[in-house]
Enquirer: 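Take a look at the following structure, please.
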Amino acid sequence: MSLQELGLIRKPASFMTSICDERGQELIYAGMPITEVFKSEIGLGGTLGLLWFQRRLPRYACQFIEMCLMVTADHGPAVSGAHNTIVCARAGKDLISSLTSGLLTIGDRFGGALDAAAKQFSEAFDSGMLPMEFVNKMKKDGKLIMGIGHRVKSINNPDMRVQILKDFVKQHFPSTQMLDYALDVEKITTSKKPNLILNVDGFIGVAFVDLLRTCGGFTRDEADEFVEIGALNGIFVLGRSMGFIGHYLDQKRLKQGLYRHPWDDISYVLPEHMSM
Ligand code: ACO
Ligand code: LMR
């Protein structure tokens with residue numbers, strides 16, 4: 001019998017984690033017993049802080065995270081993800097299939113630009129580029145600035161979600177360097193086209209960089225790593241799940257039948273080789 005079979009050598013663990021859920025009787029979130037989580041009234045934002053960032057965040061940070069979840073929760077039935085959830089629900093699918101159908105739509109163009117915006121803006125800022133130089137470089141490279149642009153919101157039809165977050169961040173964050181930089185970029189892009197605003201993805205992306213860098217709970221490497229591994233897109237995914245589930249329940253409650261797109265809303269384009 002080998003030493004391992006005799007139980008004298010511990011088998012290597014099958015997977016590694018830094019999240020431990022139980023110690024003795026109590027459920028633990030990042031070292032904080034669940035009774036303490038409730039006693040200290042850290043809310044959903046603080047709970048997310050414990051589970052995603054593995055530390056207790058300052059009160060304003062917990063409030064900010066909770067506000068991000070609230071403002072991203074829904075934007076009506078017409079947006080790409082909600083539309084997919086609705087079509088899926090109307091095809092008779094279950095809650096999880098309909099929810100994930102919506103979630104799978106999240107990406108660069110829709111709700112998934114937070115981390116990329118955080119990266120692009122902070123790389124430009126950290127390298128000392130002026131906002132105008134950044135805009136020009138992106139144009140020259142043929143790249144879109146993540147977190148800029150919206151289909152319906154513009155300087156003439158401002159996005160109140162962004163305004164609400166901006167008021168809070170300006171009042172509570174110790175520093176808003178990255179946000180200020182992004183707002184200077186927005187001044188330039190909106191002077192070209194009124195819908196090239198700092199959108200809700202972009203706002204949360206840059207404000208989160210300010211939060212991670214200046215709240216005192218993270219080293220600079222840790223702050224960069226959370227952006228690198230996609231924590232910020234997680235905020236939109238989590239927030240919007242609330243809305244998608246709402247749309248699923250709404251369709252079921254309204255007993256909506258199978259969706260079929262109306263013919264008169266489809267235009268046919270002949271393949272080039274078939275046109276005269
Ligand atoms: N950076 C630079 N230029 C841009 C950007 C951008 N982010 N977005 C649009 N433009 C330019 C286009 O190049 C185009 O220029 P042109 O007229 O010279 O060709 C013009 O603005 C219009 O572009 P459209 O693609 O028609 O803009 P549209 O309104 O359809 O797109 C969208 C909106 C998809 C959000 C787009 O702005 C984009 O991809 N932005 C970056 C990604 C992003 O932030 N996504 C999150 C959106 S917010 C949310 O989903 C909750
Ligand atoms: C959203 O929050 O889903 C939107 O801002 C995107 C859109 O297309 O309106």
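Heavy-atom basis, side chains included; hydrogens, waters and symmetry copies ignored. As the structure lists them, so they are numbered: ligands from 1, and atoms in each ligand from 1.
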Enquirer: Once you round to the nearest 0.5 Å, how far does CD1 of Ile245 lie from CG of Asp74?
Expert: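 Answer rounded to 0.5 Å: 11.5 Å.
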Enquirer: Using a strict 4.0 Å threshold on nitrogen-to-oxygen distance, state whether Lys170 and Asp180 make a salt bridge.
Expert: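 Yes, Lys170 and Asp180 are salt-bridged.
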Enquirer: Does Phe208 belong to the same Ile/Leu/Val/Met/Phe/Trp/Tyr cluster as Met146, with side-chain heavy atoms less than 4.5 Å apart forming each link?
Expert: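 No, Phe208 does not connect to Met146 through the hydrophobic network.
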Enquirer: State whether the number of non-hydrogen atoms from other residues, nucleotides or ligands found under 6.0 Å of Arg109 atom CZ is greater than 12.
Expert: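 Not more than 12 within 6.0 Å, no.
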Enquirer: Determine, for Asp224 against Arg220, whether the closest basic-nitrogen to carboxylate-oxygen distance falls under 4.0 angstrom.
Expert: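 Yes, this pair counts.
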Enquirer: Thr35 and Glu26: which non-hydrogen atoms are nearest, and at how many Å?
Expert: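 Closest approach of Thr35 to Glu26: OG1-OE2, 2.6 Å.
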Enquirer: Taking the ring centre of each residue, are Phe134 and Phe121 less than 6.0 Å apart?
Expert: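 When the ring centroids of Phe134 and Phe121 are compared, they turn out to be within the sub-6.0 Å range.
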Enquirer: Output the rest of the hydrophobic cluster of Trp263: all Ile, Leu, Val, Met, Phe, Trp and Tyr residues reachable through side-chain heavy-atom contacts under 4.5 Å, sorted by chain and number.
Expert: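 Grouped by the 4.5 Å side-chain rule, Ile266, Tyr268 form the rest of the cluster around Trp263.
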Enquirer: Taking ring-ring contact (aromatic ring centres under 6.0 Å, His included) as the definition, give me every residue that meets it alongside Phe226, ordered by chain and number, with sequence neighbours left out.
Expert: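 Phe226 satisfies ring-ring contact (aromatic ring centres under 6.0 Å, His included) with Phe53, Phe218 once adjacent residues are dropped.
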Enquirer: Check ligand 2 for N or O atoms under 3.5 Å from a protein N or O and list each pair with its distance.
Expert:
from     : atom 1 : to     : atom 2 : distance (Å)
ligand 2 : 2 (O)  : His75  : ND1    : 3.4
ligand 2 : 2 (O)  : Arg161 : NH1    : 2.7
ligand 2 : 2 (O)  : Arg240 : NH2    : 2.7
ligand 2 : 3 (O)  : Arg240 : NH1    : 2.8
ligand 2 : 3 (O)  : Arg240 : NH2    : 3.4
ligand 2 : 5 (O)  : His75  : ND1    : 3.0
ligand 2 : 5 (O)  : His150 : NE2    : 2.6
ligand 2 : 5 (O)  : Arg161 : NH2    : 2.9
ligand 2 : 9 (O)  : His75  : ND1    : 3.2
ligand 2 : 9 (O)  : His150 : NE2    : 3.4

Enquirer: List of N/O pairs, ligand 1 versus protein, all under 3.5 Å?
Expert:
from     : atom 1 : to     : atom 2 : distance (Å)
ligand 1 : 1 (N)  : Ile145 : N      : 3.0
ligand 1 : 7 (N)  : Ile145 : N      : 3.4
ligand 1 : 7 (N)  : Ile145 : O      : 2.7
ligand 1 : 7 (N)  : Ile148 : O      : 2.8
ligand 1 : 29 (O) : Asn195 : ND2    : 3.4
ligand 1 : 30 (O) : Arg151 : NE     : 2.8
ligand 1 : 30 (O) : Arg151 : NH2    : 3.0
ligand 1 : 37 (O) : Ile148 : O      : 3.4
ligand 1 : 40 (N) : Ile148 : O      : 2.9
ligand 1 : 44 (O) : Gly147 : N      : 2.8
ligand 1 : 44 (O) : Asn199 : ND2    : 2.8
ligand 1 : 45 (N) : Asp108 : O      : 2.9
ligand 1 : 50 (O) : Gly111 : N      : 2.8

